[in-house]
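As the structure is a prediction and not an experimental result, all values here were calculated from the model.
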Amino acid sequence: MEDVDLDSLLGLVAGSLGYTCSFAPDGGTLTLSGAPSGAPSGAPSGPDTVTVRLAGLRAEAGRHSREDWPTLVSEHLAHTLATLDEPLDACDLAQIRPLLRTRIRLDDDLGPARVVGRHLTADLVEVLTIGYGREGRPVRPEEVGCWPITPAQALELAADNTRKDERLSATREDLGGVAVRRLTGSTACAATHLRHLEDYFPVPADGALVVLPDPATLVVHPVEGLDVVRAIERLRTFAQREFERAADPLSPQVHWWHRGRLSLIRADLVRQDGQTRLVVAPPQEFARVLASLAGRPGGGTGGA
């Protein structure tokens, strides 16, 4: 009964778009025939038939309430029609495996779009993409639903592809007396290399401060001594400036990379009475690290 209901919705939406449709005997695909309604006179004709894969959509429908099904069906058909010009079939993992990448995006920028990804922080999401062109496009859940691997496995595969694409350029810089390393790449995937910082410099046990002002840039400072307090200020000011200049900004905030996890160190620039001061609200675990550093002989010196 659930499949009949979903198929009825598919038929209704296809009909509203001006197509006639027929289902494969196994229900795995839907064939759309005829020209879509509303096509402008004299416009180039598209293919006579369009094949819509349904395995991923059926899996997604099973994870949502029926109230969501009309939206799932409409978005799935619209996406299929919008990607007809892509040279490969995104539902065929064997074809698109080499093109899978990840990219860090702001959660707010994703809006209501349904994508495959994982949160690094409350604000930053590592999104699975197919690498058509320089930036690629996000992969939809119903596309991954056609693959013989889980979304988590797909993300790991894509992250490994991203790492193999290029080795980031690493330079030493000084931010007002704070030594940092800037890691940059030619693509918009540098932030994915977070999990492999040790490829570029020794990462201490207490991790590293990180800013990601744009998707192609990482600036890091190892957490080795109490100079991290000054480093937070310098990095926050630097990240804000670079964020405002970037054509494709990502985040002006300072983060802490520690044991494979990224945590936000909330640092707000507060302007009052003509002066600007930094108000820092570190996560509890990072505060404990600061307390530990303060208790060490000399408080540590740090470096990059």
Residues [X], [Y]: salt bridge by 4.0 Å N-O rule:
{"X": "Arg97", "Y": "Asp92", "answer": "no"}
{"X": "Arg118", "Y": "Glu156", "answer": "yes"}
{"X": "Glu60", "Y": "Arg140", "answer": "no"}
{"X": "Arg101", "Y": "Asp165", "answer": "yes"}
{"X": "Arg114", "Y": "Glu75", "answer": "yes"}
{"X": "Glu143", "Y": "Arg53", "answer": "no"}
{"X": "Arg105", "Y": "Asp107", "answer": "no"}

Indicate yes or no: at least one non-hydrogen side-chain atom of [X] is less than 4.5 angstrom from one of [Y].
{"X": "Leu72", "Y": "Leu57", "result": "yes"}
{"X": "Thr150", "Y": "Val144", "result": "no"}
{"X": "Leu77", "Y": "Leu10", "result": "yes"}
{"X": "Glu233", "Y": "Arg236", "result": "no"}
{"X": "Pro138", "Y": "Leu128", "result": "no"}
{"X": "Val254", "Y": "Arg234", "result": "no"}
{"X": "His255", "Y": "Gln253", "result": "yes"}

Does the side chain of [X] pick up a donor-acceptor pair with the side chain of [Y] at under 3.5 Å?
{"X": "Ser186", "Y": "Glu166", "answer": "yes"}
{"X": "Ser8", "Y": "Asp5", "answer": "no"}
{"X": "Glu67", "Y": "Ser65", "answer": "yes"}

Tell me whether the count of non-hydrogen atoms from other residues, nucleotides or ligands lying under 6.0 Å of [atom1] in [X] goes above 12.
{"X": "Gln284", "atom1": "CD", "result": "no"}
{"X": "Arg261", "atom1": "CZ", "result": "no"}
{"X": "Asp85", "atom1": "CG", "result": "no"}

| query | With Thr102, which residues qualify under side chain to side chain donor-acceptor pair (under 3.5 Å), at least two apart? | reply | Glu126, Thr192

| Where do Asp199 and Arg167 land on the salt bridge (charged side-chain N to carboxylate O under 4.0 Å, His left out) test, with the steps shown first? | CA-CA 9 Å; Asp199 289 351; Arg167 181 174 175 82; 5.2 Å; no

| said: Apply the hydrophobic cluster definition, ILVMFWY joined by side-chain contacts under 4.5 Å directly or through others, and give me every member besides Val279. | reply: Val270

| query | With a cut-off of under 6.0 Å to the ring centre and 45° to the axis, is Arg172 in cation-pi contact with Phe201? | reply | no

| remark: Val228 and Leu209 have their tightest heavy-atom pair at O-CD1, 3.8 Å

